[in-house]
Enquirer: 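Can you keep this structure in mind? I'll have questions shortly.
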2 protein chains.
Amino acid sequence: MGSPTARPATLDDVARDAGVSRATASRVLGGYGFTSADARTRVRAAAERLDYVPDLAARALVRGGGVRLVVAVGGRDDTVLDDPYVHRVVSTASRVCAPHGVGVALEWLPLADPSGLTRLGTDRGVCGAILVNTTQAALDAVPPRLRGRVASIGQGSATVPSFDVDNAGGAGEVLRHLYATGRRRIVMVTGPRWLSCAERSVTAYRELMRETGSPERLVTGDFTAARGGRAALAALRRWPDADAVYAASDATAFGVIAALSGRGVRVPHDVAVAGFDDLPYAAISSPPLTTATHPVDRIAAAAATAVLARAPVAPSTAFPSTLVTRQSA
Amino acid sequence: MGSPTARPATLDDVARDAGVSRATASRVLGGYGFTSADARTRVRAAAERLDYVPDLAARALVRGGGVRLVVAVGGRDDTVLDDPYVHRVVSTASRVCAPHGVGVALEWLPLADPSGLTRLGTDRGVCGAILVNTTQAALDAVPPRLRGRVASIGQGSATVPSFDVDNAGGAGEVLRHLYATGRRRIVMVTGPRWLSCAERSVTAYRELMRETGSPERLVTGDFTAARGGRAALAALRRWPDADAVYAASDATAFGVIAALSGRGVRVPHDVAVAGFDDLPYAAISSPPLTTATHPVDRIAAAAATAVLARAPVAPSTAFPSTLVTRQSA
DNA sequence: GCTTGTGGTGGTAGCGCTCTCAGGTGTGCG
DNA sequence: CGCACACCTGAGAGCGCTACCACCACAAGC
């Protein structure tokens, strides 16, 4: 395996083949400095002929750029890595980074111990990070070397730009829809309470309940279907007269619907259920789920682009969320 | 945990701090050659103190190892990157590779033009690849440098080891279950027909139909829910007496169920529907989906491990698939 | 003439690391 | 005593690349 003839071409090979120095070849291929038209065509032809692909490791070594972007997902255990939401972030980031020769790695960031970020800071291979589901403590733990190379999907800080869906806006749209269709005893199954960006939809819920004089009924969830199902059963026991459930995520909503159906509760006839995220399944679940859009792809692309470009820290960017009315509510 | 210096520590820093040469420090940290117990403790203490993290780019440069593993997904367009199945492969591979300092990149491999693989072969940053949804043409296009560093999830070849679920076995279990519960006019919605490993379940279907003297009813799908829905409607038009649908993937099955429900067909009363994959959502869909397990995580872990270990090409490994009976069939 | 500038080039110093090689030191043994 | 052998070490040669620098040729301006 790995015969010498199969050795990938180096910049030296290209330069020799083109009859110029390595420096000139580097200038042509790197697109910097002065080069003659003649040198440009010769070098490019040689590169093409030899199937030259620059060694990113070597480039990273001398430029100190780093060769991979880490998607660090906060959570209590590494099951957060299985979240479909996280996967969409990774695949989108991957698409943005690929043309830059930057790979994407997925890591779990234990919330109890944000020192994992320290390691990222001392790892030269890392050219940046996208923080998902993060907390203030984690934001504060971002090491100096990574300043300006980190973006957060969710909560931001003075040094870490934030990209997030307009949680409050989306939640408000969904809740107002529930209210407009006559629901008055609305239970909310929240996201993880430690996640400050998820708390914004809780605030929106509270405000609307107060505004409309409706009772406030909160059950804690964690964005998963399993927890959503348990939360629904608990809510049913506590408030048998509930006529709607607003779930902070679609996965939660699916769990809620499954649990309610299992108890013989009809959705939406007896209890309306709405979610948040507009996952692909939301359109084909039974009943199809009323929810609010969550443009994860655009958010992730913006975050990845900001990290790669080392853009100056911008104020938080909120991506609008709009109601999608289907049949569950 | 050490002083938060702006510049990450180098091996030189560690060696100086420990009072040894760089070579000795490298030997200790790399765990090769002879080192005294005294040197070992001193170097390790220094590394700990300075928060030393080896620069993988530099290591890759000198060892020629490569620093990232590419998950190359075959398909007609880059929407294959959104497949939840692919995401599970990536997250599992990521978990396996992380301790080795190897990042995972996700790429689309256009089936019409497998020359993308050539580029991977000339890119020193790439230490291996996992091929997903691949064809014989792509397997043949694996460049020499990557021999022994590629694994395939699905079809394999003489030089590329294959890791796959036992498609035929799982399909057989599901189909026999349908037959055992009295279904006699079973439609199958297939995966993409160009995907040879998906064809194995078609073969299993054909055999069982022949064996039992049942009519053969095939509709082409592509593993997606949307296509599954369209396929179900087409099947309904062509064979109004169908009493069961076997979908080659859970996503397809969800699409089928949604389409049937939309036409007023009751599942499983009028038509039983079964899938293949046992996605998390299968347990909570309405009705909960009867399907066969697909141990993607174990498969992906095996593939990633094989690539990292540069294990000699083993014969194909098939991971067993077992029936999960729920309510849709 | 001498400067100053402009467009182009090649030499080469590292980036941080691994690993070979030459050279120790200490033992045991003939 | 020499010799073999084990254990341990540091010097140093690069891996492929970028970017700084010196340099050259030529032109325009004083």
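No experiment lies behind these values; they were computed from the predicted model shown. Below, chains carry the letters A, B, ... as their sequence lines are ordered, and counting in each starts from 1.
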Enquirer: Reckon B:Ala57 touches a base, only the sugar-phosphate, or nothing at all at heavy-atom distances under 4.0 Å?
Expert: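 It contacts nothing in the nucleic acid.
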Enquirer: Please determine if a side-chain N or O atom of A:Thr24 lies less than 4.0 Å away from the OP1 or OP2 oxygen of C:dG10.
Expert: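 The answer is yes; a side-chain N or O of A:Thr24 sits under 4.0 Å from OP1 or OP2.
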Enquirer: To the nearest Å, give me how far apart CZ (A:Phe34) and C1' (D:dA22) are.
Expert: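 Going from A:Phe34 (CZ) to D:dA22 (C1'), I get 16 Å.
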Enquirer: Figure out the OH/C1' separation between A:Tyr32 and D:dC17, and round it to whole Å.
Expert: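 Computing the A:Tyr32:OH to D:dC17:C1' distance gives 9 Å.
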Enquirer: Return yes when atom CD of B:Gln136 has more than 12 non-hydrogen atoms of other residues, nucleotides or ligands closer than 6.0 Å, and no otherwise.
Expert: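 More than 12 heavy atoms, drawn from other residues, nucleotides or ligands, come within 6.0 Å of this atom.
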Enquirer: Using side-chain hydrogen bond (donor to acceptor under 3.5 Å, both in side chains) as the criterion, point out the one residue from B:Ser162, B:Ser316, B:Ser196 that pairs with B:Gln155.
Expert: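 So the option named by the test is B:Ser196.
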Enquirer: Any side-chain N or O of B:Tyr52 less than 4.0 Å from the OP1 or OP2 oxygen of C:dC17?
Expert: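 B:Tyr52 to C:dC17 OP1/OP2: side-chain N or O found under 4.0 Å.
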Enquirer: If I take atom CG in residue B:Asp13 and atom P in nucleotide C:dC15, what distance separates them, rounded to the nearest angstrom?
Expert: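 The answer, rounded to whole Å, is 11 Å.
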Enquirer: Report yes if some heavy atom in the side chain of A:Val142 is under 4.5 Å from a heavy atom in the side chain of A:Val160; otherwise report no.
Expert: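 Result yes, sub-4.5 Å side-chain heavy-atom pair found.
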Enquirer: I need the CG-P distance between B:Leu61 and D:dA13, as an integer number of Å.
Expert: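 From B:Leu61 CG to D:dA13 P: 17 Å.
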Enquirer: Can you tell me the distance, in whole Å, between the CZ atom of A:Arg59 and the P atom of D:dC15?
Expert: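 That distance rounds to 19 Å.
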Enquirer: With the side chain of A:Thr10 defined as its heavy atoms from C-beta on, choose the nearest nucleotide among C:dT18, C:dG16, D:dG16.
Expert: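 Given the options C:dT18, C:dG16, D:dG16, the side chain of A:Thr10 is closest to D:dG16.
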Enquirer: May I have the distance from B:Asp38 (atom CG) to D:dC7 (atom P), rounded to whole angstrom?
Expert: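 Those two atoms, CG and P, are 17 Å apart.
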Enquirer: Please check this pair: side chain of B:Arg40 against backbone of B:Thr35, looking for a donor-acceptor N/O pair closer than 3.5 Å.
Expert: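 Answer holds: yes.
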Enquirer: Specify the residue among A:Val53 and B:Ala37 whose closest nucleotide of DNA chain D lies further upstream toward the 5′ end.
Expert: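 Its nearest nucleotide lies further toward 5', so the answer is B:Ala37.
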Enquirer: Would you say a side-chain N or O of A:Thr35 is under 4.0 Å from OP1 or OP2 of C:dG7?
Expert: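 Result: no.
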Enquirer: Between A:Ser21 and C:dG10, does any side-chain N or O lie under 4.0 Å from OP1 or OP2?
Expert: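 Checking C:dG10 against A:Ser21, a side-chain N or O does come within under 4.0 Å of OP1 or OP2.
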Enquirer: If you compare every side-chain N and O of A:Ser36 against the phosphate oxygens of C:dT9 (OP1, OP2), does one of them come in below 4.0 Å?
Expert: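 Yes.
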Enquirer: Just compare D:dG16, C:dC17, D:dG10 and give me whichever is closest to any side-chain atom of B:Arg27.
Expert: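 Nucleotide nearest to B:Arg27's side chain: D:dG10.
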Enquirer: Nearest to the side chain of B:Val62, heavy atoms from C-beta on, is which of D:dC15, D:dC8, C:dC19?
Expert: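 Closest of the options to the side chain of B:Val62: D:dC15.
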Enquirer: I'd like to know if the side chain of A:Asp13 and the backbone of A:Thr10 have a donor-acceptor N/O pair within less than 3.5 Å.
Expert: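 Yes: the side chain of A:Asp13 pairs with the backbone of A:Thr10.
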Enquirer: To the nearest angstrom, how far is B:Arg22 atom CZ from C:dG14 atom C1'?
Expert: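 For the pair B:Arg22 CZ and C:dG14 C1', the rounded distance is 12 Å.
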Enquirer: Of all the nucleotides listed (D:dG16, C:dT9, C:dG16), which has the minimum atom distance to the side chain of A:Asp55?
Expert: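 Shortest atom-to-atom distance from the side chain points to D:dG16.
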Enquirer: Provide the closest heavy-atom pair for B:Trp108 versus B:Arg76 in the form atom of the first, atom of the second, distance.
Expert: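 The answer is CZ2-O, 3.3 Å.
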Enquirer: Tell me: CG of B:Leu11 to P of D:dG10, nearest whole Å?
Expert: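 Distance, rounded to whole Å: 12 Å.
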Enquirer: Side chain of A:Ala23 only, heavy atoms from C-beta on: which candidate in C:dT9, D:dG12, D:dA19 is closest?
Expert: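 So the nucleotide nearest the side chain must be D:dA19.
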Enquirer: Select from A:Ala58 and A:Ala25 the residue whose nearest nucleotide in DNA chain C is closer to the 5' end of that strand.
Expert: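 The residue whose closest nucleotide sits nearer the 5' end is A:Ala25.
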